[in-house]
Amino acid sequence: MNKADIVDVLEDIAVLLELKGENPFKIRAYSGGARVLETMEDDLGEVIAEGRLGSIKGVGSALVDKIETLYATGELEYYTKLRASIAPGLIEMLDIPGLGGKKVKKLHDALGVESIDALKAACEAGEVSALKGFGKKSEEKILTGIANRAAYAKRHLWWDARTVAEPILAGLRDLPQVEQAEAAGSLRRLKETVGDLDFIVASSEPQPVMDWFVGQDSVQEVTAHGETKSSVRFESGLQADLRVVPMAQFAFALHHFTGSKEHNVAMRQRALSRGYSLSEWGLKPSSNSGSGELEVEPSTGSAQESGELEVSSEQELFEFLGLQAIPPELREGMGEVERYEQGGDSVPSLLELSQVRGVFHNHTTASDGRGTIEEMAEAAEALGFDYLGLADHSKASYQANGLDDARVLKQLEQIRAYNESGESGLHVFAGIECDILPDGSLDLEDSTLAALDYAVMSVHSSFSQSEDEMTARVIRAIEHPGTVMLGHPTGRILLRRESYKIDLQKVIDAAIANKVIIEINANPKRLDMDWRLWRRAAEKGLMCAINPDAHKTEGLAHYAAGVNIARKGGIPAEQILNCRDCAGVAQWFAERR
DNA sequence: GCCGTTTTCGGCCCGACTGTTTTCAGTCG
């Protein structure tokens, strides 16, 4: 069994234990173990072979046994038995807001409900409100939750969520009572998808701010309207929370609600190890620090006098804990606290939008795009780019009006003519998005590929091949001398279509060995290759290109989403082709030939 | 289940909110 499957099993065990009413710390040990495994950068097979699994923090002897058994046999008796003991419907119930492991267990034990339908019937019969610990409101809340389950459970593309969030943030900042306002949560961390929106406001007059927030035209439902917190839901099912705090707490609240949860745990542990207790409300000497370093007067009155610390920004908070400021997009609990403690080379300098001088992999009216060569070039110039790469589909993508060899060469002529016309200061590189056929051969003649400036190779068919077949197929394409870039390497469509089965580590190694670039497809629905893989891959030497895959002029702006992913992946600018000037790009293409 | 420059046992991040309660458990982020 491979690492990703083992991670799934460990996460599954954690959920099942929750429904068993197990010790929460035991549950955390399993989900923590899953997390550690998921973010481990070494090859699992090697780690096991070298007997290093147990020395990883968060993996103790019980987890070592289970992970090794799963790796070797693909099965685990403990897991099989655990699964068999719990009805699958109970797991689904955890998606209903307000229901956690304990309440689901109680509903099951007391009423025998094993499915959402049975739970709904029990609520309608009034059986749930009769239970101790539940009441009329719980019953109604469960029924609403069941009715809206699909919409509430849905995540949203970062790009879409940002479109909703921006005017709200601007509106908050316009209010006279608001001293400072920021969006927090996964939106601020630039995650590829966002569950809900979080806004943090500093104000000494919360009420008018709350009233404005819940009174927005687009609000469909107000789910909370308190003094420090309000929650609303929009028609799309997207939920937004607003928290208003005094200015002195703003940095703490912003840090806390930016998360991630794992990052916060790491930060709090760090604070504790230095004798402080960190929360969204502040930083104070911990009651059981016992370090003796702190002179705390237990009898003094106010929080200030008892040693509560003030910071005016997140930066000061990090500095107080001996860290360089960790950018929000890196706060994923993936070792960033340790890296930012060490400083130096372990701290990446993150890509800025302004460093991007052009983009590759865009379409025109020749295949399935909506803009002509001239229109796309003009839009690229308006974005401040020095160059634009055009890469239309090849003929196997029949549904996309893909180009055969003759049409490719004709378009090449047109692009050359455009460049020679002196019509614009922008240079257009002539490329193609060539299909990787099911056997790994390419959809165009070698001579056609050689005539172009570059080629992006992509899989657009036979998604259901086995992992071995798909991996071999893509590696064969990477080894072809005409290949400059690999397009969207997993084929995933966020929130809609899973990745096809492929061993990306092998693909990454092959790309490095053949000096082939892997793209970050910056279409907000793809963001493929995934940011989680980039840091390690870049360290090994992989080159990256940020490719908006624009099908119309407006789509070029999506390169910003690709910049987000490059930042999250900590890819240095030297390894991003888009940061080179026109001559540098041309040289890269020439050297690949 | 994991972990340990005071601990191999007894902790484990922290606090608000909700709905249910007469003092708090469960959920959530």
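Throughout, protein chains are lettered first and strands after them, A, B, ... in sequence-line order, and every chain is numbered starting at 1.
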Q: Would you please confirm or rule out a distance under 4.0 Å between OP1 or OP2 of dC17(B) and any side-chain N or O of Thr228(A)?
A: yes
Would you tabulate the side-chain donor-acceptor contacts of residues 103-112 of chain A under 3.5 Å, counting partners in other chains and residues two or more places apart, or write 'none'?
unit_1: Lys105(A); atom_1: NZ; unit_2: Asp109(A); atom_2: OD2; d: 3.1
unit_1: Lys106(A); atom_1: NZ; unit_2: Lys132(A); atom_2: O; d: 2.9
unit_1: His108(A); atom_1: NE2; unit_2: Glu114(A); atom_2: OE2; d: 3.1

**Q.** Separation of atom CE in Met267(A) from atom P in dC14(B), rounded to whole Å
**A.** 14 Å
(Q) Would you measure the distance from the P atom in dC14(B) across to the matching atom in dC9(B) and give it in whole Å? (A) 24 Å
Q. How far, in whole Å, is dT23(B) from dG29(B) if one measures between their C1' atoms?
A. 24 Å
Q) Quick one: which of dC13(B), dG1(B), dG29(B) gets closest to the side chain of Leu272(A)? A) dC13(B)
Q: Provide the distance between the two P atoms, one in dT6(B) and one in dC2(B), to the nearest whole Å.
A: 23 Å
Table please: side-chain donor-acceptor pairs of residues 188-195 of chain A below 3.5 Å, with sequence neighbours left out.
unit_1: Arg188(A); atom_1: NH1; unit_2: Thr258(A); atom_2: OG1; d: 2.8
unit_1: Arg188(A); atom_1: NH1; unit_2: Glu314(A); atom_2: OE1; d: 3.4
unit_1: Arg188(A); atom_1: NH1; unit_2: Glu314(A); atom_2: OE2; d: 3.1
unit_1: Arg188(A); atom_1: NH2; unit_2: Glu314(A); atom_2: OE1; d: 2.8
unit_1: Arg189(A); atom_1: NE; unit_2: Glu332(A); atom_2: OE2; d: 3.0
unit_1: Arg189(A); atom_1: NH1; unit_2: Thr258(A); atom_2: O; d: 2.8
unit_1: Glu192(A); atom_1: OE1; unit_2: Trp531(A); atom_2: NE1; d: 2.8
unit_1: Glu192(A); atom_1: OE2; unit_2: Arg532(A); atom_2: NH1; d: 2.9
unit_1: Glu192(A); atom_1: OE2; unit_2: Arg532(A); atom_2: NH2; d: 3.1
unit_1: Thr193(A); atom_1: OG1; unit_2: Arg155(A); atom_2: NE; d: 2.8

Q: Run the ring-centre check on His255(A) versus His263(A) and record whether the distance is less than 6.0 Å.
A: yes
**Q.** Integer angstrom distance from the P of dT21(B) to that of dA16(B)
**A.** 23 Å
Q.
Mind checking if Gly33(A) touches a base, just sugar-phosphate, or nothing, with heavy atoms under 4.0 Å?
A. nothing
Enumerate all atom pairs, one protein N or O and one N or O from nucleotides 18-24 of chain B, separated by less than 3.5 Å.
unit_1: dG19(B); atom_1: O3'; unit_2: Ser138(A); atom_2: OG; d: 3.2
unit_1: dT20(B); atom_1: OP1; unit_2: Gly135(A); atom_2: N; d: 2.4
unit_1: dT20(B); atom_1: OP1; unit_2: Gly135(A); atom_2: O; d: 3.1
unit_1: dT20(B); atom_1: OP1; unit_2: Ser138(A); atom_2: N; d: 3.2
unit_1: dT20(B); atom_1: OP1; unit_2: Ser138(A); atom_2: OG; d: 2.6

Q) Of all heavy-atom pairs between Ser230(A) and Phe213(A), which one has the smallest distance, and what is that distance? A) O-CE2, 3.9 Å
Q: Take the protein atom CZ of Phe199(A) and the nucleotide atom C1' of dG29(B), then report the distance between them rounded to whole Å.
A: 16 Å
(Q) If I pick the P atom on dG4(B) and the same atom on dC13(B), what distance separates them, to the nearest angstrom? (A) 13 Å
Q | Asn264(A) CG to dG15(B) P, straight-line distance once rounded to whole Å | A | 13 Å
Q. Which residues pass the side chain to side chain donor-acceptor pair (under 3.5 Å) test with Lys525(A), sequence neighbours left out?
A. none
Q: Could you give the distance separating dT8(B) and dG1(B) at their C1' atoms, to the nearest angstrom?
A: 14 Å
Q: Between dA16(B), dC14(B), dG29(B), spot the one nearest the side chain of Trp281(A), thanks.
A: dA16(B)
Q.
Which is more 5' along DNA chain B, the nucleotide nearest Asp198(A) or the one nearest Val265(A)? Just name the residue.
A. Val265(A)
Q | Distance in angstrom units between Glu280(A) CD and dC17(B) C1', rounded | A | 12 Å
(Q) Can you identify which nucleotide, out of dT27(B), dG15(B), dG29(B), has its nearest atom closest to the Lys284(A) side chain? (A) dG15(B)
Q: Take Glu539(A) and Arg535(A), measure what salt bridge (Lys or Arg N to Asp or Glu O under 4.0 Å) needs, and give me the verdict at the end.
A: CA-CA 6 Å; Glu539(A) 278 170 8; Arg535(A) 189 162 70 88; 3.4 Å; yes
Q | Minimal non-hydrogen separation, Leu330(A) against Pro348(A), with atom names | A | CD1-CG, 4.0 Å
Q. Paired with dT8(B): which nucleotide, if any, by Watson-Crick or G-U wobble criteria at under 3.5 Å for both distances?
A. none
Q. Residues in ring-ring contact (aromatic ring centres under 6.0 Å, His included) with Tyr79(A), at least two apart?
A. none
**Q.** Check ion pair Arg52(A)-Glu50(A) (N to O, under 4.0 angstrom)
**A.** yes
(Q) In the structure I gave you, are the side-chain heavy atoms of Arg162(A) and His156(A) within less than 4.5 Å of one another anywhere? (A) no
(Q) Just the rounded figure in Å: distance from P of dT27(B) to NZ of Lys261(A). (A) 13 Å
Q. Counting only non-hydrogen atoms, which of residues 1-28 of chain A are less than 4.0 Å from DNA chain B?
A. Asn23(A), Phe25(A), Lys26(A), Arg28(A)
Q) dG29(B) P sits how many Å from Arg268(A) CZ, rounded? A) 15 Å
**Q.** Comparing Gln239(A) and Leu278(A) on DNA chain B - which has the more 5′ nearest nucleotide
**A.** Leu278(A)
(Q) I want to know whether Phe320(A) and Tyr276(A) have ring centres closer than 6.0 Å. (A) yes
**Q.** Span that lies between the C1' atom of dT18(B) and that of dG10(B), in whole angstrom
**A.** 31 Å
Q. Could you state the CG-P distance from Asp196(A) to dT27(B), rounded to the nearest angstrom?
A. 19 Å
Q: Report the distance from atom CG of Leu37(A) to atom P of dC2(B), rounded to the nearest whole Å.
A: 13 Å
